[in-house]
Amino acid sequence: MSAKLVMKQVSKTYGDGDSVMSVLRNLDLEVNEGEFVAVLGPSGSGKSTFLSAAGALLTPTSGEIFIDGESLTNKDKGELTELRLQKIGFMFQSAQLLPYLKVEEQLLYVAKLAKLNAKEAKQRSAEILKRLDIWERRNHYPEQLSGGEKQRVAIARAWMNKPAILFADEPTASLDFKRGKEVVRMIAEEVKSQGKAAVMVTHDERMLEWCDRVLHLENGLLVEG
Ligand SMILES: Nc1ncnc2c1ncn2[C@@H]1O[C@H](COP(=O)(O)OP(=O)(O)OP(=O)(O)O)[C@@H](O)[C@H]1O
Ligand SMILES: [Mg+2]
């Protein structure tokens, strides 16, 4: 079994001088193939910081991170972008859609960047948009969508490049229970059937039933339980 994510002694501090704030403190984590991990923690405990470091969006102050066997250390900006495109799906806490692209175009754009075959990309995007119940909105711009619809587009988009590992920052926060459940089930199914891995930050205890492990972020460390 090969680990999809390994974090070794990862630390992150913000600020400098008298105002140094230590958010992650020598954090260790291993997420294996086929595992869906949930991370809980109070607001401000560092969940988004942890997820951004794991997802190669933020360079930690110290420590080492491996994605699908590849170390992030010593990679330049271009190499990190390429690695994210090939291996990582990221669902942000806010949807972060491109304002000038319609819903379906958002997905096809990612597919193009990840160099997926155009016909396959079109099929895959239709499948995902239907599953998330936003197919009818495919020709809308983000500003024409509700908050929950935007969130579902962001979720759909994170699936497009067939990531080895998916990071989701409160993906169900702006969704009703039924739709939230569909999103989490979709993540769980993909992880199990395709041998992927996922890490999800959530406040919603009802979503934990689909996760294999529940971790709490406390004092800059992840603890089981
Ligand atoms: N770029 C930054 N510069 C300085 N401090 C930051 C920065 N980003 C986050 N912080 C601080 O680090 C701490 C952790 O922030 P983070 O966003 O990781 O928390 P969180 O657990 O995701 O919170 P929430 O549940 O509210 O989303 C907070 O105190 C925050 O103010
Ligand atoms: Mg956060």
Side-chain angles (χ1 to χ4, degrees), residues 5-31 36-67 72-73 75-77 80-81 84 88-97 142 146-159 163 165-177 179-181 183-184 187 197-211 213-225:
L5 169 71
V6 178
M7 299 176 81
K8 281 187 185 161
Q9 298 283 296
V10 171
S11 294
K12 176 66 190 172
T13 56
Y14 290 115
D16 49 29
D18 288 342
S19 63
V20 172
M21 192 183 159
S22 197
V23 178
L24 307 178
R25 302 166 193 242
N26 295 324
L27 176 151
D28 287 315
L29 175 67
E30 202 171 305
V31 180
F36 185 8
V37 173
V39 173
L40 304 175
S43 179
S45 59
K47 301 181 301 296
S48 294
T49 301
F50 149 74
L51 217 56
S52 304
L57 292 165
L58 174 124
T59 308
T61 310
S62 62
E64 198 165 15
I65 298 169
F66 298 84
I67 298 280
L72 302 186
T73 314
K75 282 204 190 302
D76 65 27
K77 233 178 141 187
L80 287 175
T81 303
R84 279 200 301 272
I88 295 172
F90 207 102
M91 297 175 188
F92 294 93
Q93 203 165 2
S94 58
Q96 306 221 2
L97 301 175
S146 75
E149 286 169 346
K150 277 188 227 169
Q151 192 62 28
R152 279 179 282 150
V153 175
I155 288 161
R157 191 181 55 179
W159 275 129
I165 181 157
L166 178 85
F167 297 100
D169 200 348
E170 306 219 28
T172 63
S174 53
L175 304 181
D176 55 59
F177 180 59
R179 292 208 163 102
K181 203 170 71 175
V183 165
V184 176
I187 297 173
V199 181
M200 172 176 74
V201 165
T202 184
H203 276 122
D204 193 343
E205 307 247 332
R206 295 175 300 183
M207 299 300 166
L208 300 180
E209 93 175 70
W210 289 278
C211 300
R213 258 200 294 164
V214 180
L215 303 173
H216 293 262
L217 190 55
E218 282 171 15
N219 301 317
L221 290 173
L222 286 168
V223 293
E224 305 255 350

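Every number for a ligand or one of its atoms is a count from 1 in the order of the listing. It should be emphasised that the depicted structure is a prediction, and the values quoted were computed from it without experimental measurement.
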Do [X] side-chain atoms and [Y] backbone N/O form a donor-acceptor pair below 3.5 Å?
X: K47; Y: H216; result: no
X: T61; Y: T13; result: yes
X: S11; Y: N26; result: yes

Tell me which protein heavy atom sits closest to [atom], plus the residue, atom name and distance to 0.1 Å.
atom: atom 29 (O) of ligand 1; result: M21 CE, 2.9 Å
atom: atom 27 (O) of ligand 1; result: Q93 NE2, 2.9 Å
atom: atom 9 (C) of ligand 1; result: Y14 CE1, 3.4 Å
atom: atom 25 (O) of ligand 1; result: K47 NZ, 2.7 Å
atom: atom 26 (O) of ligand 1; result: S43 OG, 2.6 Å
atom: atom 23 (O) of ligand 1; result: G44 N, 2.8 Å

*Per-atom contacts, ligand 1 versus V23 - under 4.0 Å to a heavy atom*: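 Going through ligand 1 atom by atom, the ones under 4.0 Å from V23 are 12 (O), 13 (C), 14 (C).
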
*Could you tell me which atoms of ligand 1, counted from 1 in the order shown, lie closer than 4.0 angstrom to a heavy atom of T49?*
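Counting from 1, the qualifying ligand atoms are 15 (O), 16 (P), 18 (O).
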
*Rounded to the nearest 0.5 Å, what separation is found between the CE atom of M7 and the CG atom of L27?*
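Interatomic distance, M7 CE to L27 CG, rounded to 0.5 Å: 5.5 Å.
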
*asked:* Once rounded to the nearest 0.5 Å, what's the spacing between atom OG1 of T59 and atom NZ of K12?
replied: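 Going from OG1 on T59 over to NZ on K12, the span is 7.0 Å.
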
So for atom [atom1], which belongs to [X], do other residues, nucleotides or ligands contribute more than 12 heavy atoms lying within a distance under 6.0 Å?
X: K75; atom1: NZ; answer: yes
X: N219; atom1: CG; answer: no
X: D76; atom1: CG; answer: yes

*List-wise, which protein N, O or S atoms are found short of 2.8 Å from the Mg ion (ligand 2)?*
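Correct list: S48 OG, Q93 OE1.
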
*Exercise: identify the closest heavy-atom pair between F90 and A158*: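 Shortest heavy-atom separation between F90 and A158 comes out as O-CB, 3.8 Å.
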
*State, to 0.1 Å, how close S174 and G147 come at their nearest heavy-atom pair, and which atoms those are.*
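Closest approach of S174 to G147, heavy atoms only: OG-O, 4.0 Å.
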
_I want to know if ligand 1 touches G46 in the polar sense, i.e. an N/O pair below 3.5 angstrom._
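Yes - when backbone and side-chain N and O of G46 are compared with those of ligand 1, one distance drops under 3.5 Å.
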
Within less than 4.0 angstrom of ligand 1, does [X] place any heavy atom?
X: P42; result: yes
X: G41; result: no
X: G15; result: no

*So, for atom 31 (O) of ligand 1, does the protein have a heavy atom nearer than 4.0 Å?*
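Flag for atom 31 (O) of ligand 1 set to false, no protein heavy atom closer than 4.0 Å.
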
*Listed partners of E30 passing side-chain hydrogen bond (donor to acceptor under 3.5 Å, both in side chains), at least two apart*: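 With neighbours one apart ignored, the set is empty.
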
*Member of V6, L5, L72 meeting the side-chain contact (heavy atoms from CB on, under 4.5 Å) criterion with F66*: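 Result: among V6, L5, L72, V6 is the only option passing the side-chain contact (heavy atoms from CB on, under 4.5 Å) with F66.
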
